[in-house]
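Written out below as structure tokens is the structure these notes cover.
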Amino acid sequence: MRPGRLAEVLGEPPTPEGTWEREAVYLSAAALRRRIAPEELAAVLRDLEGVETVEVRGNGFLRITVDTPGELLDDPHTPVDVEDPWPDLPRTWDNPGFVVKYAHARAAAVLRWARELGVPRDGFAPSALIDPLDRAVLRLLAELPGRRMGRDPGWAAYLPRLALAYHDAHEGAPAVPKGDEEPGPVHTARVRLAEVVLVVLPGPERI
């Protein structure tokens, strides 16, 4: 289920909740803001393909669980429009600017390596992104629609968080085959993840 489709039905982007390690959950107060019965809106959501459960909480919020969080990578993604608030140096993990720019460069490197190693770009299977490290990146990407609509999106805090999650995924859930390993659906899916991270995070192609 793509967040864009949920936003169409809700009238606003839902807010991701939790870590998404075991389940991908969104919260929405759309029923309250639109002054319609929460159960009525929940019934519409339950009929959507990709929605697993919709729970109406006592406060009128909707708790929505989707079955394939990787589908959010199919939504259009554009660069975050933010002036670089960090110095380029020092190139250490204590400098958020380096953390963000290095993550961008790593994502760019993944695309180069994928071409060299013959990882297919076609055939993206969102369901292949089940590793907790992949899902941690997806969880942060799911914040983008809501942040873009906010008056204070908080990019200076958000971008380093996304970058750190991608660094963890880059190291612990490789996007390209190792050794004699053949490229598979998981590699194609992780290359797609790298493509989106590359678009969202600012930075150079190489560091």
Side-chain angles (χ1 to χ4, degrees), residues 1-81 122-155 157-159 161-162 165-166 168-169 173 185-186 188-197 199-201:
M1 167 55 62
R2 293 164 46 197
R5 178 60 180 140
L6 283 178
E8 290 175 13
V9 175
L10 293 168
E12 62 186 38
T15 302
E17 181 190 51
T19 66
W20 282 25
E21 182 174 347
R22 295 184 179 178
E23 60 177 0
V25 177
Y26 292 95
L27 285 183
S28 175
L32 299 176
R33 277 192 271 272
R34 294 169 59 186
R35 297 185 179 182
I36 61 177
E39 278 292 355
E40 178 183 332
L41 186 53
V44 175
L45 292 169
R46 291 184 186 114
D47 286 338
L48 296 178
E49 183 179 355
V51 171
E52 284 191 331
T53 63
V54 182
E55 171 193 342
V56 178
R57 292 188 165 177
N59 58 5
F61 278 64
L62 302 179
R63 183 180 188 273
I64 307 158
T65 306
V66 300
D67 58 11
T68 312
E71 289 181 349
L72 68 82
L73 299 181
D74 283 330
D75 280 345
H77 292 277
T78 57
V80 169
D81 184 15
D122 296 330
F124 166 54
S127 59
L129 295 171
I130 58 175
D131 190 283
L133 295 173
D134 295 323
R135 290 176 70 117
V137 180
L138 293 172
R139 163 63 180 78
L140 285 164
L141 289 173
E143 294 183 18
L144 277 170
R147 286 183 177 274
R148 290 187 192 279
M149 290 186 64
R151 293 183 180 179
D152 181 14
W155 297 130
Y158 169 77
L159 294 176
R161 287 172 52 220
L162 174 60
Y166 183 69
D168 289 342
V186 69
T188 297
R190 287 173 178 165
V191 169
R192 176 63 179 144
L193 184 65
E195 287 178 329
V196 174
V197 169
V199 169
V200 173
L201 293 180

Measure the [atom1]-[atom2] distance between [X] and [Y] for me, rounded to the nearest 0.5 Å.
X    : Y    : atom1 : atom2 : value
D131 : E21  : CG    : CD    : 9.0 Å
L133 : Y166 : CG    : OH    : 12.0 Å
E52  : I64  : CD    : CD1   : 12.5 Å
L72  : L193 : CG    : CG    : 8.5 Å
E55  : L45  : CD    : CG    : 13.0 Å
T53  : E23  : OG1   : CD    : 7.0 Å

Which heavy atom of [X] sits nearest a heavy atom of [Y], and at what distance?
X    : Y    : answer
L138 : P69  : CD1-C, 4.1 Å
L129 : R135 : O-CG, 3.6 Å
T68  : S127 : CG2-N, 3.6 Å
D75  : G4   : OD2-N, 2.9 Å
P13  : P145 : CB-CB, 3.8 Å
R57  : L27  : NH1-CD2, 3.8 Å

Taking the side chain as every heavy atom from C-beta outward, state whether [X] and [Y] have any atom pair closer than 4.5 Å.
X    : Y    : value
L6   : V51  : yes
F61  : L32  : yes
V54  : L41  : no
R63  : V25  : yes
V196 : R192 : yes

**Request:** Kindly determine whether L73 and L141 satisfy side chain to side chain contact (heavy atoms under 4.5 Å, CB included), including the steps that lead there.
**Result:** CA-CA 9 Å; L73 299 181; L141 289 173; 3.8 Å; yes
**Request:** Look at E143 together with R161 and state whether they make a salt bridge at an N to O cut-off of under 4.0 Å.
**Result:** yes
**Asked** Can we say D74 and R2 salt-bridge, meaning some charged N sits less than 4.0 Å from an Asp/Glu carboxylate O?
**Response**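 The answer is no: the pair does not qualify as a salt bridge.
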**Message:** Looking at I130, I want to see if its CD1 is surrounded by more than 12 non-hydrogen atoms of other residues, nucleotides or ligands under 6.0 Å.
**Reply:** no
**Prompt:** Does CG belonging to N59 count more than 12 external heavy atoms closer than 6.0 Å?
**Reply:** yes
**Message:** Quick one: does any side-chain atom of R34 pair with a main-chain N or O of L10 as donor and acceptor, under 3.5 Å?
**Reply:** yes
**Request:** Return yes if some donor-acceptor pair links the side-chain N/O of Y158 with the main-chain N/O of L140 below 3.5 Å, else return no.
**Result:** yes
